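Notes follow the structure.
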Amino acid sequence: MALSRNQLAQRVAQELNDGDYVNLGIGIPTLVPNFIPDGIEVMLQSENGLLGMGVFPTEENVDADLINAGKQTVTMVKGASLFSSAESFAMIRGGHVDLTVLGAFEVDVNGNIASYMIPGKLIKGMGGAMDLVAGADNIIVTMTHASKYGDSKLLTNCSLPLTGKGCIKKVLTDLAFIEIKNGKFHLLERAPGVSVEEIIKLTEGELVINGDVPEMQF
Amino acid sequence: MAGLDKLVTSYEAAMAGLEDNMTVISGGFGLCGIPENLIQEIYHKETKGLTIVSNNCGIEEYGLGILLSKRQIKKMVASYVGENGEFERQLMANELEVELTPQGTLAEKIRAGGAGIPAFYTATGVGTLVAEGKHHKIYNDREYILEEAIVGDFAIVKAWKADRHGNLVYRKTARNFNPMVATAGKITVVEVEELVEVGELDPDEIHTPGIYVDRLIVGTFEKRIEQRTVLTA
């Protein structure tokens, strides 16, 4: 079965290392904090100028001056710090953020990512995504494997305007965990109950399968 | 106003000298930390043909979005313009020019503008539409593009506390772009929630030194929340 949004977040959380500074994008990535494994200490960076983002506030603690990059009201954890947007992107561009998790419309075999614009249809802007993919070494893209019409989002060449070129090495979809190297997708894990054949069928770009592909463990 | 005293007492005086076709840089992220009353004043002045530089363009009836209803904006330089139907409509109808700029590049363009740096290289945007027509250069085997600084005819800023000299303290994530914006205006106008006596702010805690500030006004703020999200029991 395809992973639920929560399972996607849970699988991403398994990639966290103790002591990581992590930037989480909008959508599925915002669910990751719910699944941080015991004994792992991480700090969440929000690009609008907060390191140490906490949970959503209670009604009494809502503060219009304290929001995350998705413009949602949030709280701060102990040890949090606040700074300007320039400082925030110095952290991001300077490679100080250990892990970045963000969504996408398409990813291709060369590690290109398209996530911000559908010409003639959706023009919202890239926000901080271009800075994040250019500045981070360790990026996980989370998205559905195919559109609701069954069109693959893992392509030979991205068809939409790019957010970044050659910067994506790991993709977690609702069907598979995939690594990108040497111009190919490599199937690392499959969602529980999802067959390799199903994944092949919904992957347009070249997919390498090495021996038995394990199921994800939760 | 006299000497180092930057305080003005009307919004009219705060935005005096703003003319058609000028460039205005505004602080704020979403609706957080926006100079909401200074924006209102621009709306009432009906200044037209403006180039607005801001991370976002507000929503339809609040923040910079209100300037769209009177067609006061000619060009918008922003990183994210979603959640505003009128913006999208004017953009699709070619009534509005938009320069989508990555958020970190935007912050740095404004920072550089205020710091007298005309341009800088960055890896952000290489291989994308953002890089088109820009100078490319390789440093240490990596490709970078040249991005130019931004200086505004006016910079409008929201801070939390100030003294009459224009020393500023921001609050929480309402800081965002405001410190850079404060440095990058030929005329920098700041509105604050609270005015304190000169000497009351601990010099170690001042986020923006008064040297950048030309005019200061004390206002009252609605502080609208775009995505009120609370813990559900």
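Throughout, protein chains are lettered first and strands after them, A, B, ... in sequence-line order, and every chain is numbered starting at 1. Keep in mind that what you see is a predicted model, and the values were worked out from it rather than measured.
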Within-4.5 Å side-chain heavy-atom neighbours: [X] and [Y]:
| X | Y | value |
| --- | --- | --- |
| B/K172 | A/V74 | no |
| A/T73 | B/I225 | yes |
| A/M126 | B/Y80 | no |
| A/K71 | B/L31 | no |

Can you tell me which of [options] forms the most heavy-atom pairs within a distance under 4.5 Å of chain A?
| options | answer |
| --- | --- |
| B/N55, B/V81, B/T105 | B/T105 |
| B/A123, B/P102, B/G30, B/G82 | B/P102 |
| B/N84, B/L106, B/V98, B/T101 | B/T101 |

Inset, instruction - Might you work through the side-chain contact (heavy atoms from CB on, under 4.5 Å) test for A/D65 and B/E193, ending with a clear yes or no? - result: CA-CA 12 Å; A/D65 288 338; B/E193 295 172 47; 4.3 Å; yes
Crowding at [atom1], [X] (>12 non-hydrogen neighbours, <6.0 Å):
| X | atom1 | value |
| --- | --- | --- |
| A/D137 | CG | no |
| A/E41 | CD | no |
| A/Y21 | OH | no |
| B/I211 | CD1 | no |
| B/Y212 | OH | no |

Inset, instruction - Could you walk me through whether A/K165 and B/T128 pass side-chain contact (heavy atoms from CB on, under 4.5 Å), step by step? - result: CA-CA 7 Å; A/K165 203 176 165 187; B/T128 75; 5.9 Å; no
Under 4.5 Å from any heavy atom of chain B - which part of [X]:
| X | result |
| --- | --- |
| A/S46 | neither |
| A/F56 | both |
| A/N112 | neither |

Legend entry - Working for side-chain contact (heavy atoms from CB on, under 4.5 Å), residues A/I67 and B/Q227: CA-CA 9 Å; A/I67 63 168; B/Q227 306 279 345; over 6 Å; no
Inter-residue atom distance [X].[atom1] - [Y].[atom2], 0.5 Å rounding:
| X | Y | atom1 | atom2 | answer |
| --- | --- | --- | --- | --- |
| A/F89 | B/S79 | CZ | OG | 7.0 Å |
| A/M53 | B/T173 | CE | OG1 | 11.0 Å |
| A/T75 | B/L231 | OG1 | CG | 7.5 Å |

Inset, instruction - Tabulate, in ascending numerical order, the residues of residues 129-155 of chain B having at least one heavy atom closer than 4.5 Å to a heavy atom of chain A, or enter 'none'. - result: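 The stretch touches chain A at B/L129, B/V130, B/R142.
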Legend entry - Test side-chain hydrogen bond (donor to acceptor under 3.5 Å, both in side chains) applied to A/S85 - qualifying residues, sequence neighbours left out: none
Legend entry - Among A/E59, A/Q72, A/E60, the one residue meeting side-chain contact (heavy atoms from CB on, under 4.5 Å) with B/V230: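 One option only clears the test, and that one is A/E59.
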Inset, instruction - Only one of A/L82, A/L66, A/D63 passes side-chain contact (heavy atoms from CB on, under 4.5 Å) with B/R171; say which it is. - result: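 For B/R171, the side-chain contact (heavy atoms from CB on, under 4.5 Å) check succeeds only for A/D63.
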Legend entry - Between A/G49, A/P161, A/P57, the one whose heavy-atom pairs under 4.5 Å with chain B are most numerous: A/P57
Legend entry - Top of A/A129, A/A114, A/S88, A/A134 for chain B proximity - count of heavy-atom pairs under 4.5 angstrom: A/A134
Inset, instruction - Could you tell me which portion of B/N56 (side chain, backbone, both or neither) has an atom closer than 4.5 angstrom to a non-hydrogen atom of chain A? - result: side chain
Inset, instruction - Side chain from CB out, backbone as N, CA, C, O: work out which of these in B/V126 comes under 4.5 Å of a heavy atom of chain A, or both, or neither. - result: backbone
Inset, instruction - Take B/L100 and A/M130, measure what side-chain contact (heavy atoms from CB on, under 4.5 Å) needs, and give me the verdict at the end. - result: CA-CA 11 Å; B/L100 286 177; A/M130 280 194 184; over 6 Å; no
Legend entry - Salt bridge present between A/E87 and B/R175 (N-O < 4.0 angstrom):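 Not counted as a salt bridge, because no side-chain N and carboxylate O are separated by less than 4.0 Å.
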Inset, instruction - Search all heavy atoms of A/A86 against all heavy atoms of B/R111 and return the closest pair with its distance. - result: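 Where A/A86 meets B/R111 most closely, the heavy atoms are CB-CD, 4.0 Å.
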Legend entry - Check: A/D131 side chain, B/Q103 main-chain N or O, donor-acceptor pair, under 3.5 Å: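 Between the backbone of B/Q103 and the side chain of A/D131 there is a qualifying donor-acceptor contact (under 3.5 Å).
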